[in-house]
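Take a look at the structure below.
We name chains A, B, ... by the order of the sequence lines, and we start the count at 1 in each one. Note that these values count all heavy atoms, side chains included, but never hydrogens, waters or copies made by symmetry.
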2 protein chains.
Amino acid sequence: MLLQLDYKDSRPIYEQISDGCRKLILAGVLAPDEPMPSVRSMAMELSTNPNTVQKAYAELERQGVIYTVKGRGNFVSGDLKAPLGARKAELREKIAMLLKEADELGIDRNELLEGMVKK
Amino acid sequence: MLLQLDYKDSRPIYEQISDGCRKLILAGVLAPDEPMPSVRSMAMELSTNPNTVQKAYAELERQGVIYTVKGRGNFVSGDLKAPLGARKAELREKIAMLLKEADELGIDRNELLEGMVKK
DNA sequence: TAAGTGTACTAACATACATAGTACAGTAAA
DNA sequence: TTTACTGTACTATGTATGTTAGTACACTTA
């Protein structure tokens, strides 16, 4: 099983699929130019609808994580530098927002990150 | 203007209200046992519906940030230790999730946090 | 009493999400 | 060519959530 859906998660299914696939691809679990599961087979495997999977794949293509060849299928992007860099920037942004709130609450950053990072 | 809504934000209005008020209260901008704006006046000020504000206040009461006296109004909680600790734990959890993803992407934690925290 | 408070409803509407079904064009292999 | 895949584009339907509107009632205070 490539992916696992969480129905207790409030996020929509298509987002769980695209986020999950992006993690696997950027982490190197799926190699560049390797074929993704087809829209229909992925839908079968996840017991969901082909339209939902297609929406997830469209988002991945928009992010540059995969590319599409009509009639052949979807494939892992050959050059992941751009989407990897973009994701890294997103992570930095999100962490910065959380640390900013911690500041406003008077929580020391080093104390908040205790045990998470080497000083 | 106590709060400012962002209609470009995808989060629902009631959540923006409760999150915004919680920030102000936990940051000490609103003092304990001080009265909150009434449901109706807050709705007027934000050009929204009293029901939406009430939903936000109900969530704040559930979190222990405010307390309600029927017929009198909503007041900032007199003891904010519990909700402040809870929020701190939530922030830690969210940061931990983001750092975990960074690990899976092969991004060094210290590099990711560059400029955000003293080493 | 009058005005303000929280609270609890119902109804209506818009939007997002998901499913089902159909159809069509492109690709690859038998 | 035929067959079986692929992606893509629709329509229709159902459901859940969010928001607004309106009404009503109990409580508190001046």
Taking only distance into account, with no hydrogens and no angle test, what donor-acceptor pairs under 3.5 Å do side-chain atoms of residues 28-39 of chain A form with protein atoms, sequence neighbours excluded?
| unit_1 | atom_1 | unit_2 | atom_2 | d |
| --- | --- | --- | --- | --- |
| A:Asp33 | OD1 | A:Tyr67 | OH | 2.8 |
| A:Ser38 | OG | A:Ser41 | N | 3.1 |
| A:Ser38 | OG | A:Ser41 | OG | 3.0 |

May I have the list of side-chain donor-acceptor pairs in residues 42-50 of chain A shorter than 3.5 Å, sequence neighbours left out?
| unit_1 | atom_1 | unit_2 | atom_2 | d |
| --- | --- | --- | --- | --- |
| A:Glu45 | OE2 | A:Leu2 | N | 3.4 |
| A:Asn49 | OD1 | A:Asn51 | N | 2.9 |
| A:Asn49 | OD1 | A:Asn51 | ND2 | 3.2 |

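Close to D:dT28, at under 4.0 Å from its OP1 or OP2, lies no side-chain N or O of B:Lys70. Put simply, B:Arg72 has no side-chain N or O that comes within less than 4.0 Å of OP1 or OP2 on D:dC27. For the pair A:Asn74 and D:dG7, the criterion of a side-chain N or O lying under 4.0 Å from OP1 or OP2 is met.
Between A:Ile13 and A:Tyr7, the closest heavy-atom pair is CD1-CE2, 4.0 Å.
A:Gln16 contributes a side-chain N or O that, together with a main-chain N or O of A:Arg11, makes up a donor-acceptor pair within less than 3.5 Å. Without hydrogens or angle criteria, B:Arg92 side chain to A:Leu112 main chain gives a donor-acceptor distance under 3.5 Å. Under a 3.5 Å cut-off, the side chain of B:Arg22 and the backbone N or O of B:Val65 do not form any donor-acceptor pair.
Between B:Leu46 atom CG and D:dT20 atom P there is a gap of 10 Å when expressed in whole angstrom units. Computed from coordinates, the B:Tyr7 OH to D:dT19 P distance equals 9 Å when rounded to whole Å. Atom CE of A:Met44 and atom P of D:dC5 are 12 Å apart (whole Å). Here D:dT8 presents its C1' atom at 14 Å from CG of A:Asn49, a figure rounded to the nearest Å. Residue B:Gln54 contributes atom CD, which lies 14 Å from atom P of D:dT20 at whole-angstrom precision. Atom CG of A:Asn51 and atom P of D:dT11 are 13 Å apart (whole Å).
Where DNA chain C meets chain A (any atom under 4.0 Å from a heavy atom), the bounding nucleotides read 5' to 3' are C:dC17 to C:dA28.
Of the residues in residues 30-43 of chain A, A:Ser38, A:Val39, A:Arg40 come within less than 4.0 Å of DNA chain D through at least one heavy atom, sorted by number. Within residues 56-67 of chain A, no residue places a heavy atom under 4.0 Å from DNA chain C.
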Checking B:Glu93 against B:Lys88 for the salt bridge (Lys or Arg N to Asp or Glu O under 4.0 Å) test, could you report, in this order, the C-alpha distance in whole Å, the side-chain angles of both residues, the deciding distance, and whether it holds?
CA-CA 9 Å; B:Glu93 174 67 16; B:Lys88 180 179 171 183; over 6 Å; no
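Pairs passing the side-chain hydrogen bond (donor to acceptor under 3.5 Å, both in side chains) check and including a residue from residues 75-85 of chain A, sequence neighbours excluded, do not occur.
For the pair A:Asp19/A:Lys23, no side-chain contact is recorded, criterion being any heavy-atom separation below 4.5 Å from C-beta on.
Nearer the 5' end of DNA chain D, as judged by each residue's closest nucleotide, is the contact made by B:Ile13, out of B:Ile13 and B:Val69.
With salt bridges taken as basic N to acidic carboxylate O contacts below 4.0 Å, none links A:Glu59 and A:Lys55. Classification of B:Lys94 and B:Glu90 as a salt-bridged pair fails, no side-chain N sitting under 4.0 Å from a carboxylate O.
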